[in-house]
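Worksheet for the structure shown next.
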Amino acid sequence: RFGLKAHSNWRMPMPMSASEVQAMVRELEALREQHHELHARHSDLRADVVQQSQVALASAALHVQTTKTFAEASMATVAGWMTAQTSHQLILMAIEGVGQDAKTRDLIARSIYTGWASIAVPCLEFVLSRRTRCRSGAVASQVRLVETCLPMLYAWAWKDLVEAVFAYLGNLFLGTLVASACLVLFLVVLNASPCHRRCKEAVSAGGARATLWAHLVVRMNKMSLAMGFALNKVASFLPQAVIKRLRSPMFIFFFQFVYCL
């Protein structure tokens with residue numbers, strides 16, 4: 001009636017005993033534990049692979065960012081130096097008839113360029129910080145390139161001005177020491193002033209608080225190149241005096257190498 005005639009060899013399975021049922025249950029429990037263990041190992045392996053991939057990607061990204069930062073800083077340094085020298089020569093040609101002393105004309109030319117850079121660079125940074133378009137693409141890349149070069153334009157201008165002041169003072173130790181001390185004192189007072197702290201916070205926060213005055217005040221603190229040049233000039237007086245008395249190029253190289261260290 002139920003189709004069992006076509007399957008005459010089929011037999012009703014015999015009922016299992018309690019011991020056989022318990023054995024099967026134990027096997028199923030063992031299989032379940034093995035499945036959980038395999039799943040846990042798979043999860044750990046997947047987590048290790050993901051972590052290693054993230055570490056590798058972070059390391060590669062850091063390497064690319066470091067190389068990019070170095071290239072941009074090098075390019076900005078060259079751009080600042082070339083712009084300062086070109087502007088200096090053009091200004092010297094314009095004031096050729098001013099003064100009789102070359103040191104005086106050089107100081108005037110450096111002062112003019114430094115004054116222009118001290119105003120133009122913060123103004124450009126203020127304008128670029130307010131941009132709302134061109135977030136990506138070739139134009140945005142050029143804007144970021146200009147933003148990278150602007151601080152070096154400012155730094156090279158002040159460094160060349162400090163060098164011109166030292167040359168105007170005759171590169172004497174006392175005059176160089178006094179000028180360097182004045183520059184360092186100015187930077188210390190500026191960093192300690194509440195006005196500079198408020199302006200720095202405003203520029204970092206951006207928005208309406210980042211006014212043109214805030215950019216001007218914050219940019220005044222970016223004279224590390226000039227301060228480093230001034231301090232190195234003072235510190236190198238003694239080594240240079242010793243080097244002038246040395247005759248052997250090997251001793252000169254060794255002494256200069258030790259001073260650099």
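- The cluster map of Ile, Leu, Val, Met, Phe, Trp and Tyr, joined by side-chain heavy atoms under 4.5 Å apart, puts Trp116 and Leu90 in different clusters.
- Contact between Pro122 and Leu212 at its shortest, heavy atoms only, is O-CD1, 4.0 Å.
- Sorted by first and then second residue, the pairs that involve residues 171-190 and meet ring pair (Phe, Tyr, Trp, His ring centres under 6.0 Å), not counting sequence neighbours, are Phe173-Phe237.
- Annotation: side chain of His88 is in contact with side chain of Asp106 (closest heavy-atom distance under 4.5 Å).
- A heavy-atom distance below 4.5 Å is not found between the side chains of Ser118 and Met220.
- When the side chains of ILVMFWY residues are joined at heavy-atom separations under 4.5 Å, either directly or via intervening members, Leu169 and Leu174 end up in two distinct hydrophobic clusters.
- Two different hydrophobic clusters hold Tyr113 and Met152 under the rule that ILVMFWY side chains link at heavy-atom gaps under 4.5 Å.
- Taking both residues in full, the closest heavy atoms of Leu92 and Ala109 are given as CD2-CB, 3.8 Å, listed atom of the first, atom of the second, then distance.
- Looking at residues two or more places apart in sequence or on another chain, you find a salt bridge (Lys or Arg N to Asp or Glu O under 4.0 Å) between Arg32 and Glu29.
- Phe229 and Val162 make their closest contact through CD2-CG1, 4.1 Å (heavy atoms, listed as atom of the first residue, atom of the second, distance).
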**Prompt:** Should Trp156 and Leu225 be marked as a side chain to side chain contact (heavy atoms under 4.5 Å, CB included) after you check the CA-CA gap, both sets of side-chain angles, and the distance that decides it?
**Reply:** CA-CA 7 Å; Trp156 270 103; Leu225 185 62; 4.1 Å; yes
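- Two residues are said to be in side-chain contact when any heavy atoms from C-beta on lie closer than 4.5 Å; Leu128 and Leu150 meet this criterion.
- Atoms CD1 and CD1, on Ile108 and Ile91 in that order, are 11.0 Å from each other to the nearest 0.5 Å.
- Both Leu231 and Leu183 sit in one connected hydrophobic cluster of ILVMFWY residues. Membership requires side-chain heavy atoms under 4.5 Å apart, directly or through other members.
- Distance NE2/His42 to CG/Asp44: 10.5 Å, rounded to 0.5 Å.
- Sorted pairs that involve residues 74-87 and meet side chain to side chain donor-acceptor pair (under 3.5 Å), not counting sequence neighbours, are lacking altogether.
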**Request:** Apply side chain to side chain contact (heavy atoms under 4.5 Å, CB included) to the pair Cys123 and Val127, showing each step before the final yes or no.
**Result:** CA-CA 6 Å; Cys123 290; Val127 172; 5.6 Å; no
**Request:** Let me see the working for Leu187 and Met227 under side chain to side chain contact (heavy atoms under 4.5 Å, CB included), right down to the final yes or no.
**Result:** CA-CA 9 Å; Leu187 293 177; Met227 185 179 67; 3.6 Å; yes
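- The salt bridge (Lys or Arg N to Asp or Glu O under 4.0 Å) check on Glu27 picks up nothing, with sequence neighbours excluded.
- Scanning both residues, Met75 and Cys149, for their nearest heavy atoms gives SD-SG, 3.5 Å.
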**Message:** As a quick check of understanding, evaluate side chain to side chain contact (heavy atoms under 4.5 Å, CB included) for Leu124 and Val146, giving each step before the final call.
**Reply:** CA-CA 9 Å; Leu124 287 174; Val146 172; 5.6 Å; no
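- Met82 CE: 12 or fewer foreign heavy atoms inside a 6.0 Å radius.
- With hydrogens and angles disregarded, no donor-acceptor distance shorter than 3.5 Å links the side chain of Ser59 to the backbone of Val55.
- Taking CG of Leu107 as the reference point, atom CZ of Arg110 lies at 10.0 Å (rounded to 0.5 Å).
- Sorted by first then second residue, the side chain to side chain donor-acceptor pair (under 3.5 Å) pairs that include residues 180-204, not counting sequence neighbours, are Asn191-Asn221.
- Side-chain contact between Arg219 and Pro151: present, with at least one pair of heavy atoms (C-beta onward) separated by less than 4.5 Å.
- With contacts defined as side-chain heavy-atom distances shorter than 4.5 Å, the pair Thr67/His63 qualifies.
- In this structure, the side chain to side chain contact (heavy atoms under 4.5 Å, CB included) partners of Val50, at least two apart in sequence or on a different chain, are Arg46, Gln54.
- No side-chain heavy atom of Thr211 sits less than 4.5 Å from a side-chain heavy atom of Val203.
- A continuous path of hydrophobic side-chain contacts links Leu190 to Leu161 [ILVMFWY only; heavy atoms under 4.5 Å].
- In this structure, the separation between CG on Leu153 and CH2 on Trp158 is 15.0 Å, given to the nearest 0.5 Å.
- Rounding to the nearest 0.5 Å places CZ of Arg41 at 13.0 Å from CG of Asp48.
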